[in-house]
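Order of the sequence lines sets the chain letters (A, B, ...), proteins ahead of strands, with each chain counted from 1.
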There are 4 protein chains.
Amino acid sequence: MSEEELMIQQLFNEEKLTDKQKKIIVAAIESFSEKGYSATSTSEIAKKAGVAEGTIFRHYKTKKDLLLSIVAPLMTKLIGPFVVNDFNKVLDRKYDRVEDFLKATIENRREVLIKLLPVVKILLQEIPFQPELREQFFEQIAKKIFDRVSLIIKGYQEKGELIEMPPESVARLAITSILGYLFSRYVLFPQLEWDDELETERTVQFIMHGLGKK
Amino acid sequence: MSEEELMIQQLFNEEKLTDKQKKIIVAAIESFSEKGYSATSTSEIAKKAGVAEGTIFRHYKTKKDLLLSIVAPLMTKLIGPFVVNDFNKVLDRKYDRVEDFLKATIENRREVLIKLLPVVKILLQEIPFQPELREQFFEQIAKKIFDRVSLIIKGYQEKGELIEMPPESVARLAITSILGYLFSRYVLFPQLEWDDELETERTVQFIMHGLGKK
Amino acid sequence: MSEEELMIQQLFNEEKLTDKQKKIIVAAIESFSEKGYSATSTSEIAKKAGVAEGTIFRHYKTKKDLLLSIVAPLMTKLIGPFVVNDFNKVLDRKYDRVEDFLKATIENRREVLIKLLPVVKILLQEIPFQPELREQFFEQIAKKIFDRVSLIIKGYQEKGELIEMPPESVARLAITSILGYLFSRYVLFPQLEWDDELETERTVQFIMHGLGKK
Amino acid sequence: MSEEELMIQQLFNEEKLTDKQKKIIVAAIESFSEKGYSATSTSEIAKKAGVAEGTIFRHYKTKKDLLLSIVAPLMTKLIGPFVVNDFNKVLDRKYDRVEDFLKATIENRREVLIKLLPVVKILLQEIPFQPELREQFFEQIAKKIFDRVSLIIKGYQEKGELIEMPPESVARLAITSILGYLFSRYVLFPQLEWDDELETERTVQFIMHGLGKK
DNA sequence: AATGAATGAGAATTCATTCAT
DNA sequence: TATGAATGAATTCTCATTCAT
């Protein structure tokens with residue numbers, strides 16, 4: 001229970017949830033991420049949560065409502081640090097070298113990812129099928145992060161630390177590499193043993209210098 | 001109809017399919033990739049295919065059967081060139097430089113991807129939920145490709161063209177970058193205008209030299 | 001609010017109702033008469049009344065209880081004047097001519113009908129399905145009115161003002177004509193413009209002399 | 001079964017209905033007319049019809065669909081004779097006297113009414129709550145009949161057989177009297193003994209000459 | 001007295017699958 | 001081989017009613 005409790009707190013820190021509501025959320029996250037949204041029945045969630053099926057619908061008008069109420073707050077969490085911290089730190093010269101910025105970014109995104117992994121899985125699964133989600137994701141998340149990252153990139157380009165290339169391409173390549181790492185690490189091969197510090201270092205080095213021998 | 005016909009031919013080149021079977025497959029691919037496997041009803045597929053509901057079950061014992069019969073052949077297509085061509089070409093010194101190999105790889109994978117995009121989407125969507133699929137994919141595809149690629153990497157490393165790093169990490173980083181490109185190009189932002197040759201070149205350069213200014 | 005307040009006063013003049021109770025009654029009348037008893041949910045009534053769902057059941061043990069508590073007092077109102085006034089007035093020679101009696105009857109029934117129209121609708125709707133209601137209605141209302149009216153009819157027949165015909169038939173024909181008028185006027189075509197005085201006159205004339213040309 | 005079979009034939013003479021469909025219709029008519037549309041559950045209908053609940057929804061997309069498919073054809077039956085027969089007979093001088101026309105009208109409407117009484121009940125019950133029904137009824141039935149009747153009335157007025165009064169009022173008074181009779185006869189007091197010929201005669205006489213003593 | 005969360009039975013509807021034709 | 005009516009279990013959702021606060 002403690003881990004799920006944590007997840008809930010992470011996601012719904014401000015909102016007041018009744019005890020049953022929490023149980024419903026936990027059960028729903030578990031089932032959705034294990035079997036997918038469509039393949040999960042509300043009766044199953046109710047049983048797992050130990051509540052009556054009607055109780056679910058008292059709190060969430062529809063099944064989709066439940067899904068959105070779980071996934072939507074994740075979005076905020078995902079953009080959090082970009083909005084608040086990183087950008088300023090770059091400007092404040094806290095991350096003088098690109099490497100430092102990348103490392104820090106990977107590290108703090110990894111934490112969120114681990115804690116909210118099941119919800120992230122749900123989000124990834126459902127984005128293609130839920131227009132509301134997709135829109136929210138692209139408008140609020142992808143775009144914002146992209147803009148923010150583009151600015152940061154331009155900053156480093158002006159300092160002569162990054163090659164001249166349209167910021168969008170730079171962003172795509174860098175983000176892709178980072179997500180590729182996190183995805184391999186936590187989704188595709190979580191069962192393998194990973195030396196996280198080493199792989200992070202490698203990923204950063206890769207992004208900076210590629211795979212070719214100098 | 002011609003495009004779907006093409007897809008079908010690509011996927012089922014050896015097998016004999018009746019006319020109705022083809023229609024069912026086409027309809028199923030369309031629906032599965034649009035709404036997901038679980039959210040698609042067989043009656044919907046039947047309607048779209050213009051056949052009776054019973055006809056589907058004459059050809060495919062269950063709904064999952066239908067899914068597997070669509071997705072399984074894709075796997076073979078995905079590993080095709082690695083098995084047959086590329087490796088030998090590398091050994092034959094056809095791709096003397098890593099860059100050439102990467103470029104060729106990206107190019108011919110892109111073609112398959114475009115033609116079979118809907119089926120690829122279905123595969124990606126369902127891998128997490130269908131143990132048979134996951135197993136098939138990991139054992140037959142991911143592992144094979146990884147092994148093959150590792151060998152190729154070692155070859156280039158021995159020739160002093162790639163940095164010294166465990167081949168798995170090299171593979172991960174390279175594959176991730178390529179898939180990241182293809183994924184951005186065809187799944188996330190197909191609506192943007194892409195200069196494919198340029199972006200391929202950039203991706204290759206990125207893999208080789210990274211983003212840092214020399 | 002004032003019109004509903006009026007309706008409530010009309011229906012529950014003697015009883016003490018709390019503020020919430022009044023709101024519940026008003027909301028229930030509105031919903032029942034708009035959508036029918038079965039198709040109206042208690043939660044809907046609660047919302048419309050601005051009270052908690054539980055509050056309804058504090059005052060009315062069941063939903064049907066609520067219905068009966070609304071409809072039952074209407075019955076008393078419906079027979080009111082027959083019991084109290086009209087009959088005596090006829091005996092007292094206040095209505096010497098049948099025409100005067102009919103006119104007065106139509107007029108004062110019309111008032112009640114307008115004020116309590118929504119409740120009348122509910123009664124009409126539910127009589128076929130609620131045995132308690134039907135029984136109450138037939139035993140206490142229909143029969144009483146019929147008896148009373150029969151006496152009046154006999155009175156006028158004895159005075160030679162009405163044709164010789166079994167009083168039940170006379171009653172049926174007369175009542176039918178009056179109700180037919182009120183029903184057309186207020187239920188079927190309330191949106192048409194009606195010259196009430198003229199139509200009342202026509203109805204009375206029709207009852208007395210029919211449609212044939214003398 | 002024979003009586004219901006008859007009703008079905010009356011209502012759906014042209015359409016091809018499967019055996020189960022007929023059973024569903026019969027069961028639905030029975031239940032709807034006994035308990036009302038909203039208070040009848042589809043599972044109840046299924047049980048009564050001896051079919052699986054799913055079977056109902058194979059033939060009728062929704063419960064309301066079922067209702068409409070039962071009630072809609074009634075409308076056609078209701079206006080039938082006015083459209084086809086009566087009017088022409090009047091013009092053809094078959095009904096030279098108003099009395100004859102009235103008598104014939106009452107008689108043939110009574111037959112339809114008896115055979116389709118349960119469906120008529122459903123129609124009356126649901127018209128206030130189903131806008132589609134209401135509209136259909138007013139536009140297609142009420143209006144048509146009214147127009148037709150108005151013409152007939154004018155015809156008799158010109159022949160000097162009916163008093164001068166706006167045809168709408170004449171129609172209202174006459175129709176009201178006829179329906180009042182049929183309603184009393186079949187809906188309100190079917191349990192009483194009725195001498196139909198006598199009461200029809202009385203109703204006709206009433207319409208022509210009223211209740212006053214000449 | 002009033003609330004509103006919780007319930008569980010039951011509502012309408014969907015769905016994968018079967019089977020007689 | 002193909003059909004599509006039929007099924008009955010399961011699904012989402014509603015609702016009257018209860019009860020702790």
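Projected onto DNA chain F by closest heavy-atom contact, A:T40 and C:Y37 fall at different nucleotides, the more 5' of which corresponds to A:T40. Checking A:V51 against C:G50, the closest nucleotide of DNA chain E that is more toward the 5' end is the one next to C:G50. Nearest-nucleotide mapping onto DNA chain E: of A:G54 and C:G54, the residue sitting toward the 5' end is C:G54.
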(request) Apply the test side chain to side chain donor-acceptor pair (under 3.5 Å) to residues D:S43 and D:E53: give CA-CA distance (whole Å), side-chain angles for both, the deciding distance (0.1 Å), then the verdict. (result) CA-CA 6 Å; D:S43 85; D:E53 206 169 345; 4.8 Å; no
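Expressed to the nearest 0.5 Å, how far CD1 of C:I70 lies from CZ of C:F12 amounts to 6.0 Å. Interatomic distance, B:T18 OG1 to B:I24 CD1, rounded to the nearest 0.5 Å: 7.0 Å. Taken from OG1 in B:T76 to CD in B:Q140, the straight-line distance is 7.5 Å, to the nearest 0.5 Å.
As a whole-Å value, the separation of B:K35 NZ from E:dC15 P is 8 Å. Atom NZ of A:K23 is separated from atom P of E:dA5 by 17 Å (rounded to the nearest Å). Across the protein-nucleic acid pair, A:D19 atom CG and E:dG4 atom P stand 19 Å apart, rounded to whole Å. Atom pair D:E53:CD and F:dA5:P shows a separation of 19 Å (rounding to whole Å applied). What separates NZ of A:K22 from P of E:dA5 is a distance of 15 Å, to the nearest Å. If you take CG of A:L17 and P of E:dA6, they are 11 Å apart, rounded to a whole angstrom. Rounded to an integer number of Å, the gap from CD1 of B:I56 to C1' of F:dA5 is 16 Å. The interatomic distance linking B:I45 (CD1) with F:dG4 (P) rounds to 17 Å, in whole Å.
Side-chain nitrogen and oxygen atoms of A:T55 include at least one within less than 4.0 Å of the OP1 or OP2 phosphate oxygen of E:dT7. Contact annotation: D:T18 does not reach the phosphate of F:dA5 (side-chain N/O to OP1 or OP2, under 4.0 Å). Between A:T42 and F:dT11, a side-chain N or O to OP1/OP2 separation shorter than 4.0 Å is absent.
C:S38 comes within 4.0 angstrom of no nucleic acid atom, judged by non-hydrogen atoms across all strands. Contacts of C:S41 with the nucleic acid, taken as non-hydrogen atoms under 4.0 Å apart, involve only primed sugar atoms and P, OP1 or OP2.
For the strand DNA chain F, secondary-structure stems (runs of at least three Watson-Crick or G-U pairs, all distances below 3.5 Å) span E:2-21 with F:2-21.
Side-chain contact between B:M75 and B:L123: present, with at least one pair of heavy atoms (C-beta onward) separated by less than 4.5 Å. Residues D:F129 and C:Q125 form a side-chain contact, since some pair of their non-hydrogen atoms from C-beta on lies under 4.5 Å apart.
More than 12 heavy atoms of other shown residues, nucleotides or ligands fall within 6.0 angstrom of atom CD in A:E132.
Residue pairs that meet the salt bridge (Lys or Arg N to Asp or Glu O under 4.0 Å) test with at least one member in residues 30-39 of chain A, sequence neighbours left out, are A:E30-A:K48, A:K35-A:E44.
Residues of residues 57-64 of chain C having a heavy atom closer than 4.0 Å to DNA chain F, listed by number: C:F57, C:T62, C:K63.
Nearest heavy atoms, B:I8 versus B:K22: CD1-O, 3.6 Å. The shortest heavy-atom contact between A:P73 and A:S69 is CD-O, 3.3 Å.
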